[in-house]
Structures are given as C-alpha cells and as structure tokens.
2 protein chains.
Amino acid sequence: MKTFTSLMLTLVLAFLGSDSSCAYSPREDARIIKELKRQEALNHAKIARELVHRASWAALGSISTNKAVENYPMVNIISIDDSDANGNSTGKVHFLLTDLDFTGPDWQKDNKVTFMFSDEQTLRCKDAGQDPMEPTCARAMISGQVIKMDPNGTNYQTALNAFTKRHPAAVHWLAAHTFYLCALDIKNIYVLDFYGGPHQVSASDYYAIKL
Amino acid sequence: MKTFTSLMLTLVLAFLGSDSSCAYSPREDARIIKELKRQEALNHAKIARELVHRASWAALGSISTNKAVENYPMVNIISIDDSDANGNSTGKVHFLLTDLDFTGPDWQKDNKVTFMFSDEQTLRCKDAGQDPMEPTCARAMISGQVIKMDPNGTNYQTALNAFTKRHPAAVHWLAAHTFYLCALDIKNIYVLDFYGGPHQVSASDYYAIKL
C-alpha cells in the first residue's frame with residue numbers, strides 16, 4: 001500500500017509536470033495532488049500507529065538529571081501499551097514510571113521526551129532480511145511531554161487495566177507504590193519507512209487512523 | 001553466575017557482620033569484601049559486553065538539532081558492531097553515521113550521546129517470560145562522545161571490514177559517500193541486570209573483560 005501510494009503520487013506528479021495540457025483543470029490537479037499528499041501523510045501515520053500498537057516497549061529518551069551523565073540524553077527501556085478495554089489500538093501511549101529509575105526524575109526537571117519504535121523490536125526487519133538501520137526498516141520517533149495521569153480521571157482505570165493485561169509484571173511494580181501511570185502528550189512524530197528521508201506526521205493525523 | 005556472585009557477597013557480608021570473631025583477620029575480611037565487590041563489578045561489565053556483542057543495533061540518544069524538536073532528546077536506531085577481524089568481541093562500539101539523518105548533525109552540535117542495549121532486542125526476555133521493563137531483563141546504557149574515525153588510522157579498515165561483514169547493507173550506504181565510520185569514547189556505563197538499581201561500570205573494567 002505504502003509503495004503503491006508513493007508510486008501513484010510520483011506518477012501523477014510526473015504526468016502533471018510533463019504535460020500541462022492534460023484533461024484535468026489546474027484546480028482539479030491541485031485537488032488531486034493535495035488528496036494524494038494527504039493519503040501519503042495518513043499512510044505514514046498508519047505506520048506509526050501500527051508500530052506503537054505492535055510494540056510492548058519503547059526506547060525512551062530524556063534529558064538526564066543523573067550526576068554521572070547530567071544533561072546527556074539518557075535512553076531507557078519503558079514498557080508501553082496503547083490498547084482500549086478490548087485490546088484495540090487507540091494510539092495513546094501509556095506507561096508506568098518510577099522516580100527510582102532514570103526517566104522519572106528526568107521528565108520532572110525537563111519535560112521533553114522521545115519514544116522510539118522500530119520494526120526491529122519484533123525482529124520483523126531481521127526476518128525480512130533487512131538491516132535494522134535500512135530506511136525500509138520502519139521506525140517512528142514520537143516526541144512530547146509526559147503527563148502523570150490522575151487516578152480519579154475518566155480514562156485512568158481503563159488505561160491501567162489494559163496496561164496490566166499486556167504487562168502482568170506491572171501488578172508487582174504497582175504494589176511497590178512507587179510507580180505512576182503516565183500518558184504522552186504528542187508534540188511531533190517523525191516516521192521513516194522508505195528511502196528519501198523522514199516524514200513529519202501531526203498528532204491529529206496519527207490519532208485519526210483506525211487500525 | 002550473576003546470582004551466585006550476588007549470593008556469595010550477601011552471605012559473606014552477613015557472616016562477617018554477625019560474627020566478628022571469625023577466622024579471618026579484619027585486613028583479610030576487607031580484602032575478601034574488596035575482591036568480591038570487584039568480581040561483582042566485573043560481572044556487570046561482562047553483562048554490558050555481552051549485550052553489546054549480541055546486538056546488531058542500539059537505540060542512540062542525542063540532543064536534537066532538528067527544528068521541530070530542538071533540544072529534545074532524539075532517539076535513533078543505529079546499526080553497530082564491536083567485532084575484531086575474527087568476529088570476536090572488543091567492546092569498542094563502531095557505527096556509521098550520515099549528516100542526512102538525525103544523529104549526524106546532533107553530535108556535531110553537542111557531542112553527548114547514549115547507546116541503550118537491552119536483552120529484549122533479541123527477544124531473550126520475551127522468550128524467558130520476562131517483561132522488557134523488569135530489572136532482570138538486562139540492559140546497558142553507555143554514554144560518551146562520538147569520534148569520527150580517521151580513514152588513515154590503524155584500526156579503521158579492520159573496524160570497517162568487521163562492520164560491513166555484520167551489516168552487508170552498509171556497503172550501499174558507504175557507496176553514497178555520505179556515511180562515515182565512528183567509534184564511541186565511553187564516559188559512563190550503567191548496567192541494570194537485577195533488582196536493586198543500576199550499577200556503574202568503568203570503561204576500563206568494561207574493556208578488561210574477555211568474552
């Protein structure tokens with residue numbers, strides 16, 4: 001689908017570029033290009049959503065407050081889940097943090113984080129004979145702010161139930177009373193899924209996808 | 001081995017703590033404790049070395065120079081290799097960067113990076129029924145500076161050959177003339193491999209390990 005849409009867009013653009021006397025009006029041309037670009041954007045959004053839903057964890061970057069590496073980027077492995085009560089994808093990234101780990105103190109000092117997801121996390125690239133750094137090994141970098149969820153909020157219990165269903169070990173973490181449920185307020189998404197550089201995807205396009 | 005060493009250290013400390021009239025002299029006690037702690041440190045260093053050698057890639061954190069997420073931590077997926085000419089582990093992290101990707105411009109602006117390695121990259125935790133965020137799912141965060149390797153340097157060709165042997169796709173990246181071979185100058189290593197928090201490992205203990 002991805003390759004097909006890219007090909008369509010390339011062909012249409014090449015066609016419009018080489019022959020201005022084509023059957024479409026300039027306004028119609030502009031509409032088609034806009035729609036194809038929108039489809040292309042949604043396609044990247046879909047890839048991001050699929051990566052997030054398939055992943056049980058993300059490589060989470062924060063600005064370190066740890067004395068040994070202060071102001072370095074720290075990267076942690078953080079279990080995540082984006083499921084609703086029925087296990088379907090919502091795109092909303094939920095995770096448990098503790099201030100006893102690296103990420104907890106970091107986000108409270110400087111609330112800028114990036115979650116990295118890659119198809120190689122589930123060995124899809126390796127199994128397809130692709131190098132993990134090859135652009136065709138799809139990845140998404142989702143940046144934003146950590147939000148500590150309110151235990152009395154409407155989404156809290158559903159999100160927590162879905163999380164512990166996917167991560168049964170989390171029941172023990174929660175029993176230690178130092179872990180708190182968080183959500184990500186998405187500021188920016190970059191998706192790399194083919195040659196030609198990363199694509200920027202808006203949070204609204206990302207959430208608009210139905211998987 | 002890890003659990004055994006931990007257990008030994010705990011038992012010896014408990015024994016020394018509970019009975020000061022034991023057969024060992026205070027000086028001997030101190031020597032034993034020091035040696036056990038050294039073994040413990042080397043054990044964490046060994047886990048870091050094993051993680052690095054098993055991994056084909058790392059989640060690499062940098063401080064972003066990208067306009068959309070400037071000064072955010074960026075996390076990228078970067079192929080790595082630490083092999084010598086015979087495929088044996090050296091611990092030296094080699095990788096290819098391009099300034100057309102996220103990491104390239106970032107390290108040149110602010111040369112602080114962290115490589116994160118996890119046993120979950122190769123699904124070892126999943127296969128053992130462990131959650132990827134559980135402390136027993138071993139991980140290493142290796143922070144330091146990117147060094148662009150000198151093509152005329154003594155180690156360059158050996159490192160490049162080992163890299164392309166492990167990552168055949170890299171031959172095409174190099175043909176594009178935008179990729180350059182890099183090494184990591186290690187400043188700090190954190191290893192988390194069990195309950196009780198992360199362990200700091202020095203670069204010299206890390207490199208001293210023979211796998």
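As the structure is a computational prediction, the values presented were derived from the model and not from experiment. Here is the naming used below: chain letters follow the sequence lines, and residue numbers restart at 1 for every chain.
- Looking only at heavy-atom pairs under 4.5 Å with chain B, the residue among A:Leu60, A:Asn71, A:Thr122 that has the most is A:Asn71.
- Interatomic distance, OH of A:Tyr72 versus CG of B:Asn188, reported as 8.5 Å (0.5 Å rounding).
- For A:Asp106, there are no salt bridge (charged side-chain N to carboxylate O under 4.0 Å, His left out) partners two or more places apart in sequence or in a different chain.
- Contacts between A:Met141 and chain B at a heavy-atom distance below 4.5 Å involve the side chain alone, from C-beta outward.
- Between A:Pro73 and B:Thr114 the shortest heavy-atom distance is O-OG1, 2.5 Å.
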CA sep, side-chain torsions, deciding dist, call: A:Met133, B:Ile78, side chain to side chain contact (heavy atoms under 4.5 Å, CB included): CA-CA 6 Å; A:Met133 199 168 149; B:Ile78 298 293; 4.0 Å; yes
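- The contact list for residues 165-177 of chain A toward chain B, using heavy atoms and a distance under 4.5 Å, reads A:His167, A:Ala169, A:Trp173 by residue number.
- Ranked by heavy-atom pairs shorter than 4.5 Å toward chain B, the options A:Gly144, A:Pro132, A:Gly61 are led by A:Pro132.
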Steps toward side chain to side chain contact (heavy atoms under 4.5 Å, CB included) verdict (A:Leu123, B:Leu123): CA-CA 8 Å; A:Leu123 303 189; B:Leu123 304 190; 3.6 Å; yes
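- In this structure, no portion of B:Pro135 lies under 4.5 Å from any heavy atom of chain A.
- A distance of 7.5 Å separates CG in B:Leu192 from CZ in A:Phe102, rounded to the nearest 0.5 Å.
- Of the listed residues B:Ser143, B:Ala68, B:Ser79, the one with more heavy-atom pairs under 4.5 angstrom with chain A than any other is B:Ser79.
- Proximity to chain B is absent for every atom of A:Phe115, based on heavy atoms less than 4.5 angstrom apart.
- With a 4.5 angstrom heavy-atom cutoff, A:Leu100 does not touch chain B via any of its atoms.
- Legend: residues meeting side chain to side chain contact (heavy atoms under 4.5 Å, CB included) with A:Ala59, ordered by chain and number and at least two apart, are A:Trp57, A:Val75, A:Met116, B:Ala59, B:Val75, B:Met116.
- Residues from residues 149-162 of chain A never place a non-hydrogen atom less than 4.5 Å from a non-hydrogen atom of chain B.
- Put simply, NZ on A:Lys126 and OG on B:Ser56 are 7.0 Å apart, with the number rounded to the nearest 0.5 Å.
- Neither the backbone nor the side chain of A:Gln130 comes within less than 4.5 Å of any heavy atom in chain B.
- Among the candidates A:Ser62, A:Gly197, A:Ser118, the residue making the largest number of heavy-atom pairs closer than 4.5 Å to chain B is A:Ser62.
- Once rounded to the nearest 0.5 Å, the distance linking CG of B:Asn66 with CD of A:Gln200 reads 7.0 Å.
- With a threshold of 4.5 angstrom between heavy atoms, A:Asp110 does not approach chain B through any atom at all.
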